[in-house]
Protein chains: 2
Amino acid sequence: MEHLGFTQHDHHSCINSALNTAEEFCAREKLQFTPVRRRVLEILLERHQAMGAYDILEMLREEGLGSQPPVAYRALDFLVQHGFVHKIERLNAFAACMHPGEQHMPAFLICRKCDQVVEAHMEAVKNMLGKAVRDVGFEIEQAVVEIMGLCPNCKAQA
Amino acid sequence: MEHLGFTQHDHHSCINSALNTAEEFCAREKLQFTPVRRRVLEILLERHQAMGAYDILEMLREEGLGSQPPVAYRALDFLVQHGFVHKIERLNAFAACMHPGEQHMPAFLICRKCDQVVEAHMEAVKNMLGKAVRDVGFEIEQAVVEIMGLCPNCKAQA
DNA sequence: GCTTGATAGGTTATACTATAACCTATAGCA
DNA sequence: TGCTATAGGTTATAGTATAACCTATCAAGC
């Protein structure tokens with residue numbers, strides 16, 4: 001597992017880097033990285049937390065970028081579809097991808113106390129899932145791995 | 001991976017066996033295996049498919065066992081809490097557990113075409129997840145592994 | 001047997017999550 | 001310039017889940 005994130009890091013540069021990656025990707029693929037889409041990604045990057053669509057919508061509304069649910073959902077759909085954002089099914093929420101551009105199967109560690117979400121690369125698990133499932137003829141198109149529990153920080157406090 | 005289920009099996013006996021297991025477990029643990037709870041589990045066992053809470057509620061309603069959402073949700077909560085039913089987050093739906101009574105971390109194979117859900121034991125994955133995550137101090141309480149794709153049958157048809 | 005406390009279920013209302021459908025605006029291209 | 005495809009605005013509504021409060025039932029102890 002790489003890139004665990006329950007620790008401090010240069011958040012400002014991590015946001016910019018992710019935004020740049022998205023921008024370049026869209027330019028290359030002739031996709032429109034519109035203000036709403038950019039802002040939604042930015043909002044999610046500003047926190048390392050999963051946010052509900054309606055929380056995001058509330059921020060968009062305050063900023064005059066849109067006020068009705070479809071605005072937020074459409075931007076989120078776009079971002080999810082192109083791998084900049086993941087949906088956390090367990091929380092009905094969304095979180096910015098920490099490894100945009102890289103082919104990966106994300107696994108999420110979700111702290112039930114502080115709600116922080118960390119995205120881990122788990123190549124070994126991916127390989128194992130892929131192998132086991134291919135053996136029985138099931139063809140994987142997408143996988144969701146979500147692990148609930150207590151993060152180190154919250155565990156220390158308890 | 002054991003117990004894959006995209007094949008035929010003795011469905012009638014598998015239903016009875018699961019109901020008996022639940023009944024015995026509840027007796028042992030002094031839990032009430034009430035008519036509504038039993039019937040909800042039975043409904044889920046009758047199909048090897050995930051069902052939405054409102055689909056289940058509709059059946060309960062037809063049978064005079066309850067007509068409002070909380071009835072279904074309460075029964076489902078009970079069944080999930082004690083491991084007789086799993087929630088499939090990805091589908092906002094519920095499926096009977098295929099290994100009740102056994103300590104396990106389920107992984108679901110969900111066919112996007114026929115909606116069939118198969119629950120697999122994947123001890124190797126569980127061990128690997130557990131190890132990787134423990135290394136960084138995260139304490140696993142629960143995990144969701146859901147794999148979307150095409151089952152062998154649907155793949156053959158395509 | 002009666003009381004009491006705990007648990008389950010009935011019912012109403014409402015919160016939260018997501019999408020359909022239709023219309024307007026804009027950007028890129030012929 | 002005009003066409004077409006894509007994005008966003010807006011209204012309405014579908015789908016999922018729970019809060020809150022009340023009643024019924026059951027088991028345990030008096």
Side-chain angles (χ1 to χ4, degrees), chain A residues 22-23 25-41 43-44 49-82 84-95 115 144 146, chain B residues 22-23 25-41 43-44 49-82 84-95 115 144 146:
Chain A
E23 188 146 25
F25 177 89
C26 288
R28 212 162 44 238
E29 302 287 324
K30 303 203 186 306
L31 301 168
Q32 300 183 41
F33 196 47
T34 64
V36 175
R37 290 170 178 177
R38 165 183 277 273
R39 185 62 188 130
V40 169
L41 178 55
I43 287 170
L44 286 171
Q49 256 183 305
M51 294 181 71
Y54 280 75
D55 297 328
I56 293 167
L57 179 60
E58 178 57 30
M59 298 192 64
L60 294 179
R61 182 177 287 141
E62 286 169 6
E63 300 172 14
L65 273 171
S67 62
Q68 299 303 323
V71 174
Y73 279 104
R74 287 199 282 237
L76 287 166
D77 283 349
F78 173 88
L79 294 168
V80 167
Q81 192 168 349
H82 296 100
F84 304 123
V85 165
H86 297 294
K87 177 164 191 194
I88 314 291
E89 298 288 345
R90 177 59 195 247
L91 304 177
N92 292 320
F94 301 83
D115 259 5
V144 171
E146 298 175 358
Chain B
E23 187 146 26
F25 177 90
C26 288
R28 212 162 45 239
E29 301 287 323
K30 302 204 186 306
L31 301 168
Q32 299 184 41
F33 197 46
T34 64
V36 175
R37 290 169 177 178
R38 165 184 277 272
R39 185 60 189 132
V40 169
L41 178 55
I43 287 170
L44 285 171
Q49 256 183 306
M51 294 181 72
Y54 281 74
D55 296 328
I56 293 167
L57 178 59
E58 178 57 30
M59 298 193 64
L60 294 179
R61 183 177 288 140
E62 285 168 7
E63 299 171 14
L65 273 170
S67 61
Q68 300 303 323
V71 173
Y73 279 103
R74 281 179 195 138
L76 286 167
D77 284 349
F78 173 89
L79 294 168
V80 167
Q81 192 168 349
H82 295 100
F84 303 124
V85 164
H86 297 294
K87 177 164 191 194
I88 314 292
E89 299 288 346
R90 177 60 194 249
L91 304 177
N92 293 320
F94 301 83
D115 260 6
V144 171
E146 297 176 359

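All chains are named by letter (A, B, ...) in the order of the sequence lines, taking the proteins before the strands, and each is independently numbered beginning at 1.
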Atom pair distance, as rounded to whole Å: [atom1] in [X] and [atom2] in [N]:
X: N92(A); N: dG15(D); atom1: CG; atom2: C1'; answer: 12 Å
X: L76(A); N: dG8(D); atom1: CG; atom2: C1'; answer: 14 Å
X: H82(B); N: dA8(C); atom1: NE2; atom2: C1'; answer: 13 Å
X: D77(A); N: dT6(D); atom1: CG; atom2: P; answer: 16 Å
X: E29(B); N: dA6(C); atom1: CD; atom2: P; answer: 20 Å
X: K87(B); N: dT18(D); atom1: NZ; atom2: P; answer: 7 Å
X: E89(B); N: dT16(D); atom1: CD; atom2: P; answer: 13 Å
X: M51(A); N: dC16(C); atom1: CE; atom2: P; answer: 15 Å

Subject >> Full working for side-chain contact (heavy atoms from CB on, under 4.5 Å) between F94(A) and L79(A) >> reply: CA-CA 10 Å; F94(A) 301 83; L79(A) 294 168; over 6 Å; no
**OP:** Using heavy atoms to find the nearest nucleotide of DNA chain C for A75(B) and A93(A) separately, return the residue whose nucleotide is more 5′.
**Re:**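 Nearer the 5' end of the strand: A75(B).
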Original post:
Which nucleotide, dC21(D), dG9(D), dA18(C), lies nearest any side-chain atom of F94(A)?
Top reply: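 Output: dA18(C).
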Original post:
Roughly how far apart are E58(A) CD and E63(A) CD, rounded to 0.5 Å?
Top reply: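 With rounding to 0.5 Å, CD (E58(A)) is 10.5 Å from CD (E63(A)).
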Original post:
What distance do L76(B) atom CG and Q81(B) atom CD have between them, rounded to the nearest 0.5 Å?
Top reply: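 L76(B) CG to Q81(B) CD: 12.5 Å, rounded to 0.5 Å.
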Subject >> Donor-acceptor contact below 3.5 Å, side chain E146(B) vs main chain E89(B) >> reply: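 Yes; at least one donor-acceptor contact below 3.5 Å.
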**OP:** Examine distances only and state if a side-chain atom of R39(A) and a backbone atom of L60(A) form a donor-acceptor pair shorter than 3.5 Å.
**Re:**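 Side chain of R39(A) to backbone of L60(A), a donor-acceptor pair under 3.5 Å: no, none is there.
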**OP:** Mind listing the residues from residues 53-72 of chain B sitting with a heavy atom below 4.0 Å of DNA chain D? Number order is fine.
**Re:**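 Listed by number, they are Y54(B), P69(B), P70(B).
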Subject >> Presence of K30(A) side-chain N/O under 4.0 Å of dC29(C) phosphate oxygens OP1/OP2 >> reply: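 Negative; the distance criterion is not met.
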**OP:** Determine: side-chain N/O of Y73(B) to OP1/OP2 of dA17(D), distance under 4.0 Å, yes or no.
**Re:**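 True: Y73(B) side-chain N/O within range (under 4.0 Å) of dA17(D) OP1/OP2.
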Are the side chains of [Y] and [X] in contact, using a 4.5 Å heavy-atom criterion?
X: I43(A); Y: M51(A); result: yes
X: Y73(A); Y: L57(A); result: no
X: R37(B); Y: L41(B); result: no
X: F78(A); Y: V40(A); result: no

**OP:** Identify, residue by residue, the members of residues 31-39 of chain B with a heavy atom below 4.0 Å from DNA chain C, and return them in order of residue number, or none.
**Re:**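 DNA chain C contact set from residues 31-39 of chain B: Q32(B), T34(B), V36(B), R37(B).
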